[in-house]
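Any value given below was found using the heavy atoms of this structure, including those in side chains, with hydrogens, waters and symmetry copies removed.
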Amino acid sequence: MRNILSLIIMLLLLLSCGANSNVNETASTKPENQLLKIRKSKTPIVIDATADEAIWKSSDWHPIDQLWLGAPYSETDFHGRYKLTWTPEALFLLVEIKDDILLDKEEDPLVAWWDDDCLEIFVDEDNSGGNHQFTHDAFAYHIALDGNVVDMSTSKQGKLYNSHIESQLKTEGQTSIWEVKISLYDNTYIEDRTNSPVRLKRNKKIGFALAYCDNDTSTNRENFIGSVEVKGENKNRGWIDSDIFGTLLLIN
């Protein structure tokens, strides 16, 4: 009798494990739109905005051309494109922006940071999607022209995350080159604690989108231009909903 009971308990445990496994496998329902395969750099990336590493010379450009906010713009007002690579340490980004006027009107980096010209990087470390407005299930990093990095914190206020991002900006005429190192943090990130970035490896999928806040002379930003198509009327959802992010697949 004891043997039969033990067998029944064992079968129930196995069935339970199998059910949990299926739940975990289907937990993420995020659509994998704009899937990009990102090649690994075989050499270190120096963040100096010169883009002289071999991986930058051989990688493809991707457009920043989706109008998320504002009126239609001309090619002379804005043109943007980007490249990506990775190492086990971090994700790396190269961006070329052609903008006729660069504006940084707010001295305080935590005041209306989205109304100055800035680069915005959306990252969802595990590509799980969902609401991240005041959580760290994903990040929406605004990189100002002076290099300060701002996102919404769990206290529902803007906060500097300069330790997450290393960037360098060089501008010649109307063309700006941004080179950026992005350390990735998972959803266990806790404010004002020591948090270790995630190590990256082949076949990892990351939620990602890129955008540019463009403001020439106005009180508020004039355009918000992204890298992924967003369906529906409200296209300014990246700072809340990581389902709209594209998907990066890390390859060798």
Side-chain angles (χ1 to χ4, degrees), residues 47 49 61-84 93-123 132-134 138-153 156-162 164-182 208-242 244-246:
I47 305 302
W61 287 105
H62 304 288
I64 307 170
D65 60 357
Q66 299 296 311
L67 184 61
W68 289 354
L69 276 179
Y73 57 91
S74 67
E75 284 284 316
T76 55
D77 183 26
F78 173 84
H79 181 269
R81 59 183 186 168
Y82 69 99
K83 296 183 177 187
L84 285 161
L93 173 66
L94 181 71
V95 184
E96 179 190 84
I97 299 292
K98 294 182 180 179
D99 186 5
D100 56 345
I101 298 174
L102 295 179
L103 182 67
D104 187 5
K105 59 185 175 59
E106 297 290 353
E107 290 187 13
D108 187 336
L110 298 179
V111 173
W113 56 89
W114 54 85
D115 285 329
D116 287 332
D117 278 22
C118 66
L119 197 65
E120 186 165 359
I121 300 171
F122 302 88
V123 182
H132 71 96
Q133 184 174 7
F134 301 120
F139 289 86
Y141 298 117
H142 300 70
I143 308 179
L145 298 178
D146 63 5
N148 277 308
V149 180
V150 184
D151 188 15
M152 280 291 183
S153 68
K156 302 183 179 182
Q157 295 179 325
K159 183 180 176 68
L160 289 175
Y161 292 91
N162 291 353
H164 294 206
I165 299 281
E166 180 185 352
S167 70
Q168 189 68 39
L169 170 64
K170 285 186 180 178
T171 301
E172 292 185 6
Q174 295 184 0
T175 301
S176 296
I177 300 295
W178 302 69
E179 194 167 26
V180 185
K181 175 185 176 183
I182 310 160
F208 179 85
L210 182 64
Y212 190 76
C213 297
D214 186 24
N215 193 359
D216 291 343
T217 58
S218 303
T219 303
N220 305 115
R221 65 181 166 186
E222 296 167 2
N223 294 106
F224 191 30
I225 306 153
S227 65
V228 295
E229 182 183 1
V230 181
K231 304 291 186 183
E233 292 289 325
N234 179 17
K235 301 183 186 302
N236 182 23
R237 304 202 310 271
W239 68 289
I240 297 173
D241 181 11
S242 57
I244 69 108
F245 299 1

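- A tilted orientation is assigned to the rings of H62 and Y82, their planes being inclined by 30° to 60°.
- Distance OH/Y161 to CE/M152: 10.0 Å, rounded to 0.5 Å.
- A heavy-atom distance below 4.5 Å is found between the side chains of L119 and Y212.
- Contact between W68 and A209 at its shortest, heavy atoms only, is CH2-CB, 4.4 Å.
- Put simply, the side chain of R237 reaches to within 4.5 Å of the side chain of V230, judged on heavy atoms.
- Counting heavy atoms from C-beta on, the side chains of F208 and V228 never come closer than 4.5 Å.
- Proximity of a side-chain donor or acceptor of H132 to a complementary backbone N or O of G238 within less than 3.5 Å is detected.
- Partners of K105 according to the salt bridge (charged side-chain N to carboxylate O under 4.0 Å, His left out) rule, which considers only residues two or more places apart in sequence or in another chain, do not exist here.
- For the atom pair D65 CG and H79 NE2, the distance stands at 8.0 Å (nearest 0.5 Å).
- Scored by the side-chain hydrogen bond (donor to acceptor under 3.5 Å, both in side chains) test, E106 finds no partners at all (sequence neighbours excluded).
- Considering all non-hydrogen atoms of both residues, A211 and F122 come closest at CB-CE1, 3.9 Å.
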Open item on the list: With side chain to side chain contact (heavy atoms under 4.5 Å, CB included) as the criterion, how do N148 and L160 come out once you've worked through the C-alpha distance, each side chain's angles and the decisive distance to 0.1 Å?
Closed with: CA-CA 7 Å; N148 277 308; L160 289 175; 4.0 Å; yes
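- Remark: the backbone N or O of T217 is paired with a side-chain donor or acceptor of E222 at under 3.5 angstrom.
- Judged purely by distance below 3.5 Å, without hydrogens or angles, the side chains of N215 and D116 never pair a donor atom with an acceptor atom.
- Every residue meeting the side-chain hydrogen bond (donor to acceptor under 3.5 Å, both in side chains) condition with S176, not counting sequence neighbours, appears here in chain and number order: T171.
- In this structure, the side chains of W239 and Q133 come closer than 4.5 Å at one or more pairs of heavy atoms.
- By the side chain to side chain contact (heavy atoms under 4.5 Å, CB included) test, D77 is found to be paired with Y73, S74, D99, D100, D214, D216, N223, residues two or more places apart in sequence or in another chain being considered.
- Proximity of L67 to K235: side-chain heavy atoms (C-beta onward) are nowhere separated by under 4.5 Å.
- Summarising the geometry of S167 relative to G147, their closest heavy-atom pair is OG-CA, 4.3 Å, with the distance given to 0.1 Å.
- When all heavy atoms of W114 and R221 are compared, the pair lying nearest together is O-CD, 3.2 Å.
- In this structure, CG in L110 is found 9.0 Å from CD in Q157, a value given to the nearest 0.5 Å.
- Shown are D151, I182, I121; of these, the side-chain contact (heavy atoms from CB on, under 4.5 Å) with F139 is made only by D151.
- Residues satisfying the side chain to side chain contact (heavy atoms under 4.5 Å, CB included) test with K170, not counting sequence neighbours, are A49, T50.
- Annotation for E120 and F224: closest pair OE1-CZ, 3.1 Å, computed over non-hydrogen atoms.
- Between atom CG of residue L94 and atom CD1 of residue I47 there is a gap of 9.5 Å, rounded to the nearest 0.5 Å.
- A search for salt bridge (charged side-chain N to carboxylate O under 4.0 Å, His left out) contacts involving K231 returns E229, not counting sequence neighbours.
- N220 CG to C213 SG: the interatomic distance, rounded to the nearest 0.5 Å, is 11.5 Å.
- D104 contributes atom CG, which lies 5.0 Å from atom CG of L145 (distance to the nearest 0.5 angstrom).
- Side-chain contact between I64 and V95: present, with at least one pair of heavy atoms (C-beta onward) separated by less than 4.5 Å.
- With W113 as the partner, the side-chain contact (heavy atoms from CB on, under 4.5 Å) test is satisfied by one option alone out of V150, V149, I143: V150.
- Between F78 and I97 there is a side-chain heavy-atom pair separated by less than 4.5 Å.
- Taking both residues in full, the closest heavy atoms of I165 and Y141 are given as CD1-CD1, 3.9 Å, listed atom of the first, atom of the second, then distance.
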